[in-house]
Novice: 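My questions will all concern the structure given below.
Note that this is a predicted model, so its numbers are computed, not measured.
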Amino acid sequence: MATIIPFRALRPVPNLASQVAALPYDVMDEAEARAICAKESYSFLHIDRSETAFPPGTDPDSPAVYEKAAEILTQWTKEGILQQDSHPCLYLYRLTRNGKSQTGLVCCTSVEEYDNGILRKHELTRAEKEAGRTRHVNACNAQTGPIFMAYRQSSATAMMADWAKTHDPEVSFTSDDGIGHAVWVIDDPNAIANFTDAIAAVPNLYIADGHHRCASAAAVCHQRLKQQPDAPADAPFRWILSVLFPADELTIMDYNRLVKDTNGLTADELFEKISESFYLLPWPKPGPCRPMMPHQFGMYFEQKWYLLTAQEDAIADDPVGRLDVSILQNRLLGPILGIQDPRTDKRIDFVGGIRGLGELEKRVILSEGKIAFSLYPTSMEELMNVADQGLIMPPKSTWFEPKLRSGLFIHVLSDH
């Protein structure tokens with residue numbers, strides 16, 4: 001059973017919400033963050049990427065950078081840009097992209113349930129990224145980015161729809177990328193109790209996006225429990241800023257691959273080896289090859305697209321081995337192109353589906369890579385099945401769109 005609680009969110013005042021809301025800190029590089037901060041005075045990236053306040057080349061992991069994030073957060077609170085609700089609430093957060101909406105319940109989930117597996121994960125975290133975010137949370141004394149979670153069907157879904165229909169959103173805007181954002185405040189005690197009970201009937205919650213943020217929230221909790229072993233169960237640092245979405249409303253896009261070279265193979269040798277595990281055909285249609293079903297792959301090589309279909313013996317029976325990202329890695333990227341560890345190998349890059357397949361063509365043409373692969377998106381059911389068995393998906397298996405904005409909800413961990 002999953003436990004949630006309401007919390008006193010620190011939020012931008014409604015007329016500034018559209019200016020504060022920012023994409024997650026980890027979906028852009030420093031140059032992109034600097035460009036946004038130079039243009040947008042209130043972008044939350046000033047806090048989430050506070051190295052932008054320093055000259056280029058500044059170590060983003062230096063103490064001064066974290067101190068700057070805390071300083072700006074405090075300053076914005078004093079100036080009234082951000083205001084904390086007077087009593088604990090739940091919130092709804094709806095994102096709309098291309099006419100499709102997903103509505104999430106904004107709440108706090110339990111670090112203890114993250115530790116014991118009720119909050120289920122499917123990715124490994126990198127120690128340096130986790131440590132950096134832990135320092136950010138401690139410096140700001142707040143969790144500034146929500147964890148994107150999913151749940152299988154629940155009565156909470158209908159309750160959210162009913163609330164949104166019968167109440168006006170407090171915040172509503174469309175961001176520059178065309179995504180619609182709407183926020184409702186749930187402050188009625190009976191409604192809060194009903195939502196809490198509905199989620200309590202859900203056996204597990206699934207981390208869709210935000211594994212590093214979740215791990216850092218748990219790390220901060222464990223650090224503070226050593227200093228405050230008698231902290232009450234409702235101590236804010238024991239809880240994780242989260243947004244819970246029904247799984248069937250979520251969209252996972254393809255997460256494609258770009259490889260720098262052919263591992264010394266000629267075109268004939270490459271095709272011969274690929275044909276041992278895949279049926280390989282020239283793509284007969286104009287434009288890029290977008291796979292239409294699982295176990296199909298597009299390959300762009302020497303300015304031509306090919307369709308690869310995994311042969312039966314290339315598809316494993318286990319939940320991880322039968323994933324398309326696993327088939328491509330285990331049967332082609334590893335044994336043929338020599339990409340043994342895609343987490344660390346500098347010869348491979350990953351391109352989120354939001355950038356389109358034209359991005360793959362462009363990068364090959366510009367000689368940023370020699371060969372590119374398009375994939376069919378991983379499904380939510382595949383993700384949850386992997387997590388249910390305590391297994392880990394290969395790196396860069398999922399790309400969720402739209403991205404939750406940071407800055408709309410901040411979870412303060414204690415009074416300063």
Novice: Hey, does I392 have a side-chain heavy atom less than 4.5 Å from the side chain of V386?
Specialist: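 A side-chain contact under 4.5 Å is absent here.
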
Novice: To the nearest 0.5 Å, what is the distance between CG on L45 and CE on M28?
Specialist: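 These two atoms lie 4.5 Å from each other.
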
Novice: Can you find a pair of side-chain heavy atoms, one from I274 and one from L332, that are under 4.5 Å apart?
Specialist: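 When only atoms from C-beta onward are counted, L332 and I274 do touch, with a gap below 4.5 Å.
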
Novice: Is the ring pair Y255/W399 parallel, tilted or perpendicular, if the boundaries are 30 and 60 degrees?
Specialist: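 Because their plane-to-plane angle is over 60°, the rings of Y255 and W399 count as perpendicular.
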
Novice: Strictly below 4.0 Å, N to O, side chains only: are D26 and K403 in salt-bridge contact?
Specialist: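 A salt bridge is absent here (no side-chain N lies under 4.0 Å from a carboxylate O).
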
Novice: State whether the number of non-hydrogen atoms from other residues, nucleotides or ligands found under 6.0 Å of E112 atom CD is greater than 12.
Specialist: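 Counting other residues, nucleotides and ligands, CD of E112 stays at 12 neighbours or fewer.
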
Novice: Starting from the C-alpha separation in whole Å, work towards a yes-or-no answer on side chain to side chain contact (heavy atoms under 4.5 Å, CB included) for M299 and C289.
Specialist: CA-CA 7 Å; M299 182 177 75; C289 175; over 6 Å; no

Novice: Just verifying a value: how many Å separate S110 OG and I118 CD1, rounded to the nearest 0.5 Å?
Specialist: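 If I round to the nearest 0.5 Å, the distance is 7.5 Å.
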
Novice: Can a donor-acceptor pair be found between the side chains of D61 and Y66 at a distance below 3.5 Å?
Specialist: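 Yes.
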
Novice: Distance-only, no hydrogens or angles: does the N385 side chain make a donor-acceptor pair with backbone N or O of P319 under 3.5 Å?
Specialist: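 Between the backbone of P319 and the side chain of N385 there is no qualifying donor-acceptor contact (under 3.5 Å).
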
Novice: Do N138 and Q223 meet the criterion of a side-chain donor-acceptor pair at a distance under 3.5 Å?
Specialist: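 Yes, Q223 and N138 have a side-chain donor paired with an acceptor closer than 3.5 Å.
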
Novice: With a 4.0 Å cut-off on N to O distance, would you call K304 and E302 a salt bridge?
Specialist: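 Looking at K304 and E302, the cut-off is not met.
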
Novice: Show your working on side chain to side chain contact (heavy atoms under 4.5 Å, CB included) between R120 and D388 and close with a plain yes or no.
Specialist: CA-CA 7 Å; R120 296 197 163 167; D388 282 340; 2.6 Å; yes

Novice: When you compare the side chains of Y206 and R152, does any donor N or O come within less than 3.5 Å of an acceptor on the partner?
Specialist: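 A pair is found: one side chain offers a donor N or O, the other an acceptor, under 3.5 Å apart.
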
Novice: Are the side chains of R133 and H212 in contact, using a 4.5 Å heavy-atom criterion?
Specialist: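 Sidechains of R133 and H212: no contact.
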
Novice: Looking at side-chain heavy atoms only, is the closest gap between I240 and L119 below 4.5 Å?
Specialist: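 Yes, side chains in contact.
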
Novice: If the threshold is 4.0 Å, N to carboxylate O, is there a salt bridge linking R363 and D349?
Specialist: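 Counted as a salt bridge, because a side-chain N and a carboxylate O are separated by less than 4.0 Å.
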
Novice: Can S216 and E130 be counted as having a side-chain donor-acceptor contact under 3.5 angstrom?
Specialist: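 Their side chains do not contain a donor-acceptor pair, so the 3.5 Å distance test is not met.
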
Novice: Do any N or O atoms from the side chain of Q153 and from the backbone of P246 form a donor-acceptor pair under 3.5 angstrom?
Specialist: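 Checking the backbone N and O of P246 against the side chain of Q153, no donor-acceptor pair under 3.5 Å is found.
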
Novice: How many angstroms lie between CD in E123 and CD1 in I207, if you round to the nearest 0.5 Å?
Specialist: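 Output value for this atom pair is 9.0 Å.
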
Novice: Judged by atom type as modelled, is there a donor-acceptor pair below 3.5 Å linking the side chain of D345 to the main-chain atoms of D341?
Specialist: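 Absent.
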
Novice: Quick one, I339 with N263, criterion side chain to side chain contact (heavy atoms under 4.5 Å, CB included). Give me CA distance, side-chain angles, the key distance, then yes/no.
Specialist: CA-CA 9 Å; I339 308 292; N263 198 28; over 6 Å; no

Novice: Any carboxylate oxygen within less than 4.0 angstrom of a Lys/Arg side-chain nitrogen, looking at E51 and R49?
Specialist: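 Salt bridge between E51 and R49, a charged N being under 4.0 Å from a carboxylate O: yes.
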
Novice: Determine whether the aromatic ring centres of W305 and Y300 lie less than 6.0 Å apart.
Specialist: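 W305 vs Y300: aromatic centres under 6.0 Å.
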
Novice: Does the side chain of F297 reach to within under 4.5 Å of the side chain of L328, using non-hydrogen atoms?
Specialist: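 Touching, per the 4.5 Å side-chain cut-off.
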
Novice: For S242 and C107, indicate whether the former's side chain and the latter's backbone hold a donor-acceptor pair under 3.5 Å.
Specialist: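 Side chain of S242 to backbone of C107: no pair is present.
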
Novice: For N141 and S414, which I'm curious about, is there any donor-acceptor pair between the side chains at under 3.5 Å?
Specialist: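 Yes, S414 and N141 have a side-chain donor paired with an acceptor closer than 3.5 Å.
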
Novice: Taking 4.0 angstrom as the limit, do R322 and E382 come out as a salt bridge?
Specialist: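 Result for this pair is no, no salt bridge flagged.
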
Novice: Can you tell me which residue among F271, F373, F301, W283 is in a ring-ring contact (aromatic ring centres under 6.0 Å, His included) with Y306?
Specialist: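 It is F271; the other options fail the test.
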
Novice: Is a donor on one side and an acceptor on the other found under 3.5 Å between the side chain of S175 and the backbone of I179?
Specialist: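 Side chain of S175 to backbone of I179: a pair is present.
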
Novice: Just do the salt bridge (Lys or Arg N to Asp or Glu O under 4.0 Å) check on R34 and D29 with the steps written out, would you?
Specialist: CA-CA 9 Å; R34 286 185 180 277; D29 60 29; over 6 Å; no

Novice: So does R8 get a backbone contact from the side chain of Q84, meaning a donor-acceptor N/O pair under 3.5 Å?
Specialist: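 At least one qualifying donor-acceptor pair exists.
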
Novice: Establish, from distance only, whether the side-chain atoms of T52 and H46 form a donor-acceptor pair under 3.5 Å.
Specialist: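 Side chains of T52 and H46: no pair found under 3.5 Å.
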
Novice: Counting N and O atoms only, with roles assigned by atom type, does the side chain of E249 sit under 3.5 Å from a partner on the main chain of T103, one being a donor and the other an acceptor?
Specialist: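 Yes; at least one donor-acceptor contact below 3.5 Å.
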
Novice: Are any of the side-chain heavy atoms of H411 and P146 separated by less than 4.5 Å?
Specialist: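 They are not in contact (no side-chain heavy atoms under 4.5 Å apart), so the answer is no.
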
Novice: Please name the residue in the list L404, L408, L92, T109 that meets the side-chain contact (heavy atoms from CB on, under 4.5 Å) test with V243.
Specialist: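 Testing each of L404, L408, L92, T109 against V243, the sole residue satisfying side-chain contact (heavy atoms from CB on, under 4.5 Å) is L404.
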
Novice: Just checking, any donor-acceptor pair under 3.5 angstrom between side chains of R290 and S374?
Specialist: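 No, S374 and R290 have no side-chain donor paired with an acceptor closer than 3.5 Å.
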
Novice: Any ion pair linking K273 and E269 (charged N to carboxylate O, less than 4.0 Å)?
Specialist: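 No, E269 and K273 are not salt-bridged.
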
Novice: Would you give the length of the straight line joining atom CG of D254 to atom OH of Y376, rounded to the nearest 0.5 angstrom?
Specialist: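 Result: 10.5 Å between the selected atoms.
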
Novice: Measure the CD-OG1 distance between Q296 and T309 for me, rounded to the nearest 0.5 Å.
Specialist: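 One gets 4.5 Å once the value is rounded to the nearest 0.5 Å.
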
Novice: Report yes or no: do D324 and H295 form a side-chain donor-acceptor pair below 3.5 Å?
Specialist: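 Present: a donor and an acceptor within the cut-off.
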
Novice: Kindly indicate, with the supporting measurements, whether the criterion side chain to side chain contact (heavy atoms under 4.5 Å, CB included) is fulfilled by L95 and H181.
Specialist: CA-CA 5 Å; L95 299 98; H181 304 265; 3.9 Å; yes

Novice: I need the I4 CD1 to L205 CG distance, nearest 0.5 Å.
Specialist: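 Those atoms lie 8.5 Å apart.
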
Novice: Can you see which heavy atom on M384 is nearest to which on A247, and at what distance?
Specialist: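 Here M384 and A247 meet closest at CE-CB, 3.9 Å.
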
Novice: Counting only heavy atoms from other residues, nucleotides and ligands, does the tally under 6.0 Å from CG of D176 exceed 12?
Specialist: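 No, the 6.0 Å shell around CG holds no more than 12 heavy atoms from other groups.
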
Novice: State, yes or no, whether a side-chain contact exists between L383 and M393 at a heavy-atom distance under 4.5 Å.
Specialist: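 Counting from C-beta outward, L383 and M393 do come under 4.5 Å.
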
Novice: May I ask you to test the Y91-E170 pair for a side-chain heavy-atom distance under 4.5 Å?
Specialist: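 In short, these two side chains do not touch, never coming nearer than 4.5 Å.
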
Novice: Would you name the heavy atoms of G80 and V13 that are closest together and state the gap between them?
Specialist: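 Smallest interatomic distance, heavy atoms only, reads O-CG1, 3.2 Å.
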
Novice: Can you say whether the rings of F148 and F400 are parallel (under 30°), tilted (30 to 60°) or perpendicular (over 60°)?
Specialist: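 Ring orientation of F148 relative to F400: tilted.
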
Novice: Which of these passes side-chain contact (heavy atoms from CB on, under 4.5 Å) with T144: V137, L241, V412, D48?
Specialist: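 Of the listed residues V137, L241, V412, D48, the side-chain contact (heavy atoms from CB on, under 4.5 Å) partner of T144 is D48.
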
Novice: Does any N or O in the side chain of R238 come within less than 3.5 Å of the main-chain N or O of P232, such that one atom is a donor and the other an acceptor?
Specialist: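 Yes, the answer is positive, given that a donor and an acceptor are paired below the 3.5 Å cut-off.
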
